[in-house]
Every structure is written in structure tokens, then in C-alpha cells.
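The structure under discussion appears below in the form of C-alpha cells.
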2 protein chains.
Amino acid sequence: MTKKSADPANGHPPAARQVPMRDFSRSLPMSLLRAREAVMRQFRPSLREHGLTEQQWRILRALAAIEAVEVTELARTAFLLGPSLSRILRDLEARNLIERKTAKADQRRSMVSISKEGLKLMASVAPTSEAIYAEITRRFGARKLAELQEMLGELEQSLAGLGAADETIAGE
Amino acid sequence: MTKKSADPANGHPPAARQVPMRDFSRSLPMSLLRAREAVMRQFRPSLREHGLTEQQWRILRALAAIEAVEVTELARTAFLLGPSLSRILRDLEARNLIERKTAKADQRRSMVSISKEGLKLMASVAPTSEAIYAEITRRFGARKLAELQEMLGELEQSLAGLGAADETIAGE
DNA sequence: CGCATTCACTTAACATGTTAAGTATCTCGC
DNA sequence: GCGAGATACTTAACATGTTAAGTGAATGCG
């Protein structure tokens, strides 16, 4: 199982541990990171075959559900930072998967929408993607999956008010 | 509060939706991503004050618990890919936070360990980090936190055997 | 021994994450 | 209607994620 940590023969016991902290491999951030990686590992090969990255796919999916959106709103929906989105949109536009036009009322805003080609690409990826999602659901259990997502949402809510570092939660 | 989405006056209803797919904002990968971001947002300011990134902190934490490790083993522990780790170790070594020496038995391997300075830095960060973790635990609930991590572990396990894309789960 | 293979890492190249600046546009008070 | 400030993006700069290729050192087999 490639599981040969703690070599029992060379005589260096757990040792060190000069700074008292939790075992970080069991910390919440690591658990979330590993779980997400385990999930995304299932999707990446399929996306890759279609020349899409995870983020590009997120953007197309967000766009497929609507007529057109401002970049800022899209950033919120696809959970990407402005600069990342800006670059990716440039590339997706060059590949003719999306279209952009500045809003008439406000020249600062540009409205983004998915193109016909973008829709075709989505249509070719969606079935596999759905199948993978279905398999994950089957393996983990639909009930548990719903529970997990419920808990993840609650976790987000719990931390919603804890913005920066200087927030001392005055009133509390 | 800058929260003026869904302009109710310009008459473009949900519209589009030419490709049938789940609402991706409720997909598992997005739930995991948002939850992790909500958690890490709490830690980043403190780490930043000490000139550490999330990944550098992971590496130091992994090193603090042991005498020395090979790079490959460290990559597995800190959940980083080789190339990322390689770069970060170069930087941490330049900052004298870690030390490296090639193993005597196998010239290919290099053993990494945390330095005295690294331990001092950790000691100055750990209290705040632990306090933040405690606050998160308090807000979300220790019981629920344990449950959540249990589920995340199970999710990982569920997907453990589903490696690449060409795996057709022959027998099944 | 000789040499192809494997191994442990490092480099390289490209995409994204992240913060800070920059640019153009809009809004508002005077 | 003009100039300060706010907005909506975009660029820039640096760190990491990710895959592929490169390098030097061990292994194994004929």
C-alpha cells in the first residue's frame, strides 16, 4: 500500500515536536483540500480531453444558465478573483467560446455571454461530467452527499462574519 | 451593501439555460472550495503578518513534528506536488527556516529538517493559529466539526479507487 | 562489468491565485 | 459642469498548481 512511514529500523522515533500543535494532517483546511482534490481528480481528465481547465469549465457553466452577466457578477458566481477571471475571459474569447460587449448604459461594464461554439462544447462535455457526478453520488451515497453539503454550507455561514484579522467582534 | 444583483427592471428573466446541468453553484466541488476558502480566510492575515504563505506554513508544520524527511515524503505529508515543494523549499532554505542535506546512503535523496529559526517562527505563529482554530471550532461546534471531518474522510475513501479517466470499472 | 530502467528530485512552461496599481468611466457635491 | 472619489475592469508582479522534460544517482539484468 506504499504505506511505509515510520521506518521502525533506523532508530529515529517520533522525535522533535518542539512546537505544540495539532497534527496538521487532520486540520480542517487539509481535510477540505484533500476531499476536494479527490473529487476534482475525477473530473479533470474529461475536461482536459476537451481542452478545458476546471476554472474555464466553471465559467462556461455559469454562463450557460443566463443570458449575459457583468464580469464582477460572474466572478462572484464562478468564485474566481477578478484578475484570474479577466485573463481567462481573454483566452475564452480568443477561442470564441464566449462573447463580450460593453453595456450601453455604463461603458465601464462589459456583458459576457456564452457563444454558440461554447454551447456546443458544453453539450459535448456535460454528459461525461454528469456521469462522473452520478458515480460519485452513488459511491458516497446521495443522502450523505446532501448532508455533507449541508454541513459545508453551515460552516460557511458560521464564518461569514469573521472577515479580516483586526475584527474584534466588538458587540458580540 | 453593494448587493444589487438581479436588476428587476430590465426584463431579462432566467433566460438561456441551453445546456441541461445541475446548478453548478451547488456542486460538491464548489461547496468544498467555498468552505475551504471561508476557513483559510481566517488564517491568512496572521500568516501574512509573519511573511508566510499557507503552503509554507504547511511545510513548517509538517517538519516540526519530525527529525527529518525526504522531499517526496514531505510532499505527501504537506499535500503539495513535487515541483511546488521544490520551489518553496528553495525559498525557505534561503530564509534559513529549513535545512537540507543529502542522505549518505542514497545520494539522490535529500533530508529536510526545520531550523532553529524555523522553530522560533513557528512558536510565534502557533498561538494565534490555535486561537483561530479554536474560534472556528466554537462557532461551528466541536461535535459537528468532527462529524464533518469524518464525512470528508469517507468521501476521500469512496473515491480512492477511481484514478484516471480511462478506468471503466470493468468488473463492477 | 555495461547499460537500460527506475528513482528522487529539479527545471521549465504555462495557467491560476493573490495583492497592488493602473485605466477608463461614472456619480455626486458644490 | 468640474473635480474628487467611487466603480468596473485590466495589468503587473510574484507565488503556487500542474504537466512534461531534464539530471544525476541507484538497480537490475545479461
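Just so we're on the same page: letters track the sequence lines, and every chain starts at 1. If you're wondering where the values come from, they're calculated on a predicted model, not measured in any experiment.
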Presence of [X] side-chain N/O under 4.0 Å of [N] phosphate oxygens OP1/OP2:
X	N	answer
A:R108	C:dA24	no
B:Q55	D:dG17	yes
B:R48	C:dA20	yes
A:S110	D:dA8	no
A:R100	D:dT10	yes
B:Q56	D:dT16	yes

In terms of side-chain heavy atoms of [X], which of [options] is nearest?
X	options	answer
B:P83	D:dT18, D:dT10, C:dC9	D:dT18
B:D91	D:dT16, D:dT19, C:dC9	D:dT16
A:R58	D:dA8, C:dG17, D:dG17	C:dG17

Spacing between [X] atom [atom1] and [N] atom [atom2], to the nearest angstrom:
X	N	atom1	atom2	value
A:R109	C:dT27	CZ	C1'	12 Å
B:R95	D:dC14	CZ	P	16 Å
B:E73	C:dC7	CD	C1'	16 Å
B:L52	D:dC14	CG	P	19 Å
A:F79	C:dT16	CZ	P	17 Å
A:Q107	C:dT23	CD	P	19 Å
B:R87	C:dC14	CZ	P	14 Å
A:D106	C:dT23	CG	P	20 Å

If we check side-chain hydrogen bond (donor to acceptor under 3.5 Å, both in side chains) with A:S31, which of these qualifies: B:R36, B:Q149, B:E150?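 It is B:Q149, the one option of B:R36, B:Q149, B:E150 that forms the side-chain hydrogen bond (donor to acceptor under 3.5 Å, both in side chains) with A:S31.
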Does a side-chain heavy-atom distance below 4.5 Å link B:F79 with A:M30?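 Yes, side chains in contact.
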Decide yes or no for A:E37 and A:R34: does some side-chain heavy atom of the first lie under 4.5 Å from some side-chain heavy atom of the second?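 No, every pair of side-chain atoms sits at 4.5 Å or beyond.
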Heavy atoms only, 4.0 Å cut-off, all strands: where does [X] land among base, sugar-phosphate and nothing?
X	result
B:R44	sugar-phosphate
A:S84	base
A:L85	nothing
B:E54	nothing

Within 6.0 Å of NZ in A:K144, more than 12 heavy atoms from elsewhere: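 Counting neighbours around NZ of A:K144, more than 12 heavy atoms of other residues, nucleotides or ligands fall under 6.0 Å, so yes.
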Would you confirm whether B:S46, through its side chain, and B:F43, through its main-chain N or O, come within 3.5 Å as a donor-acceptor pair?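 No.
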So, does A:R139 use its side chain to make a donor-acceptor pair with the main chain of B:S158 at under 3.5 Å?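 Checked: pair present.
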Mapping A:K104 and A:G82 to their closest nucleotides on DNA chain C, which lands nearer the 5' end?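 With A:K104 and A:G82 compared, the 5'-side residue is A:G82.
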